[in-house]
S.K.: 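Starting off with a structure, shown below.
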Amino acid sequence: MKRILLRAMLPLAFVFTLISCSPDSAEETIAPQAELIQNYNYQPNEVELADLINEYRVSKGLSVLKIVNHISYKSEEHNEYMIEKNVVNHDLFEERSQNIIQVLGAVKVNENIAYNFSTPNSALNAWLKSAGHKANIEGNFTHFGVSITVNPTNGNKYYTNIFIKK
């Protein structure tokens, strides 16, 4: 008797498990469209960093990169994340990269970060002394974005520079 009851209940339990794990509606399975950020207010030191990077590229016979507000905004978001978490890292790079690919149609995305350099020139010089960062600066890219954000608590500067190829 128990065996017959168990056989009858097993398919019901299986169906209930399937139903209880499925979403309530199809809308929940669709990811929201990423939004293009068109406005970004550049600080003078950010403009200086962008100019320094492009001047360096030209000195090496490379093309000038076009600055894109959306990329600078994503760079600023990362600086704010690092300040909030009190870290210096590339956390959530995949999410930033996917957003830029989706919104801007990028085919390649790389990132440089720096921490607590007093000037854009000092941050650039540090990047140029690092093989990986230098490779990004000299890389086959077409556009970029920059952000320098000051931690309001201690005055330390966070730099994020994202490069893309379209």
Side-chain angles (χ1 to χ4, degrees), residues 27-166:
E27 289 178 31
E28 290 180 338
T29 61
I30 298 172
Q33 237 358 50
E35 178 184 344
L36 172 65
I37 305 301
Q38 296 182 344
N39 296 318
Y40 185 84
N41 295 320
Y42 292 93
Q43 300 300 314
N45 60 356
E46 293 169 326
V47 173
E48 180 183 352
L49 179 59
D51 289 344
L52 287 168
I53 290 168
N54 273 327
E55 288 169 13
Y56 175 81
R57 286 179 59 86
V58 168
S59 78
K60 296 298 182 186
L62 301 168
S63 63
V64 170
L65 302 176
K66 182 178 179 190
I67 198 157
V68 176
N69 293 345
H70 184 83
I71 303 170
S72 295
Y73 179 83
K74 298 310 282 182
S75 297
E76 182 181 59
E77 277 186 338
H78 186 56
N79 285 344
E80 290 171 355
Y81 168 86
M82 291 190 293
I83 290 169
E84 178 185 327
K85 301 292 184 184
N86 196 31
V87 297
V88 179
N89 60 33
H90 294 281
D91 280 1
L92 308 174
F93 173 73
E94 187 62 32
E95 287 85 350
R96 281 188 299 288
S97 176
Q98 287 303 311
N99 173 276
I100 291 167
I101 289 167
Q102 181 182 6
V103 172
L104 299 174
V107 296
K108 181 179 174 183
V109 181
N110 285 31
E111 174 178 85
N112 285 350
I113 61 170
Y115 169 72
N116 207 27
F117 288 92
S118 59
T119 66
N121 194 51
S122 62
L124 176 62
N125 287 332
W127 283 333
L128 293 175
K129 291 177 183 172
S130 161
H133 294 101
K134 183 177 181 178
N136 286 341
I137 292 168
E138 295 179 354
N140 184 17
F141 296 103
T142 57
H143 299 77
F144 72 141
V146 297
S147 177
I148 303 170
T149 308
V150 178
N151 182 334
T153 305
N154 58 23
N156 293 337
K157 294 179 182 176
Y158 291 75
Y159 296 73
T160 299
N161 177 206
I162 300 175
F163 301 90
I164 74 164
K165 180 177 182 176
K166 282 181 99 174

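Treat the numbers as computed from the prediction; the structure is a model and nothing was measured. Atom set for the values below is all heavy atoms of this structure, side chains included, hydrogens, waters and symmetry mates excluded.
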S.K.: Drop me the distance from Leu52's CG to Asn121's CG, to the nearest 0.5 angstrom.
M.R.: 5.5 Å
S.K.: Checking side chain to side chain contact (heavy atoms under 4.5 Å, CB included) for the pair Lys165/Asn140: CA distance, chi angles, key distance, verdict?
M.R.: CA-CA 7 Å; Lys165 180 177 182 176; Asn140 184 17; 2.8 Å; yes
S.K.: Got more than 12 heavy atoms from elsewhere within 6.0 Å of CG, Asn39?
M.R.: no
S.K.: Relative to each other, are the rings of Phe117 and Tyr159 parallel, tilted or perpendicular (30° and 60° limits)?
M.R.: perpendicular
S.K.: Would you say the side chain of Ile162 lies within less than 4.5 Å of the side chain of Thr160, judging by non-hydrogen atoms?
M.R.: yes
S.K.: With a 4.5 Å heavy-atom cut-off, do Leu104 and Leu36 have their side chains touching?
M.R.: yes
S.K.: Any chance you could lay out the side-chain hydrogen bond (donor to acceptor under 3.5 Å, both in side chains) test for Gln98 and Gln102, step after step, and finish with the verdict?
M.R.: CA-CA 6 Å; Gln98 287 303 311; Gln102 181 182 6; over 6 Å; no
S.K.: Please say whether more than 12 non-hydrogen atoms of neighbouring residues, nucleotides or ligands are located less than 6.0 Å from OH in Tyr81.
M.R.: yes
S.K.: Please name all residues satisfying salt bridge (charged side-chain N to carboxylate O under 4.0 Å, His left out) with Glu111, sequence neighbours left out, ordered by chain then number.
M.R.: Arg96
S.K.: Okay, side chain of Lys157, backbone of Ser118: is any donor-acceptor separation there less than 3.5 Å?
M.R.: yes
S.K.: Going by side-chain contact (heavy atoms from CB on, under 4.5 Å), name the residues that satisfy it together with Val64, two or more places apart in sequence or in a different chain.
M.R.: Asn54, Val58
S.K.: When rounded to the nearest 0.5 angstrom, what distance separates CG in Leu128 from CG in Asn136?
M.R.: 11.0 Å
S.K.: Quick one: list whatever passes side chain to side chain donor-acceptor pair (under 3.5 Å) with Thr149, sequence neighbours left out.
M.R.: Asn79, Ser147
S.K.: Side-chain contact test, heavy atoms from C-beta onward, threshold under 4.5 Å: evaluate it for Ile67 versus Tyr40 and give yes or no.
M.R.: no
S.K.: Do Asn69 and Tyr42 get their side chains close enough for a donor-acceptor pair, meaning under 3.5 Å?
M.R.: yes
S.K.: Roughly how far apart are Leu65 CG and Phe144 CZ, rounded to 0.5 Å?
M.R.: 5.5 Å
S.K.: Do Lys108's NZ or CZ and the ring of Phe141 fall within the cation-pi criteria of under 6.0 Å and 45°?
M.R.: yes
S.K.: Give a yes or no answer on whether the side chain of Asn156 reaches the backbone of Asn151 with a donor-acceptor pair at less than 3.5 Å.
M.R.: no
S.K.: Please enumerate all residues that pass salt bridge (charged side-chain N to carboxylate O under 4.0 Å, His left out) together with Arg57, with sequence neighbours excluded.
M.R.: none
S.K.: List in chain and number order the residues that pass ring pair (Phe, Tyr, Trp, His ring centres under 6.0 Å) with Phe93, two or more places apart in sequence or in another chain; answer none if no residue qualifies.
M.R.: none
S.K.: Using the rule given for side chain to side chain contact (heavy atoms under 4.5 Å, CB included), can you reason through Tyr56 versus Glu138, listing the C-alpha separation, both sets of side-chain angles and the distance that settles it, and then say yes or no?
M.R.: CA-CA 9 Å; Tyr56 175 81; Glu138 295 179 354; 2.4 Å; yes
S.K.: Just to verify, what does His143 make a side chain to side chain donor-acceptor pair (under 3.5 Å) with, not counting sequence neighbours?
M.R.: none
S.K.: About how many Å separate CD1 of Ile164 and OG of Ser97, when rounded to the nearest 0.5 Å?
M.R.: 9.5 Å
S.K.: Is there a side-chain contact between Ile100 and His70, using heavy atoms and a 4.5 Å cut-off?
M.R.: yes
S.K.: Give the minimum heavy-atom separation between Gly145 and Ser72, together with the two atoms involved.
M.R.: CA-OG, 3.3 Å
S.K.: Would you name the heavy atoms of Trp127 and Ile53 that are closest together and state the gap between them?
M.R.: CZ3-CD1, 4.4 Å
S.K.: For the atom pair OH (Tyr158) and CD (Glu80), what is the distance rounded to the nearest 0.5 Å?
M.R.: 12.0 Å
S.K.: When rounded to the nearest 0.5 angstrom, what distance separates CE in Met82 from CG in Leu92?
M.R.: 11.0 Å
S.K.: Check Val87, Asn89, Val88 against Lys85 for a side-chain contact (heavy atoms from CB on, under 4.5 Å) and give me the one that passes.
M.R.: Val87
S.K.: For the backbone of Glu95 and the side chain of Asn99, can you confirm whether one donor and one acceptor N or O come within less than 3.5 Å of each other?
M.R.: no
S.K.: Can you find a heavy atom in the side chain of Pro120 that is under 4.5 Å from one in the side chain of Asn45?
M.R.: yes
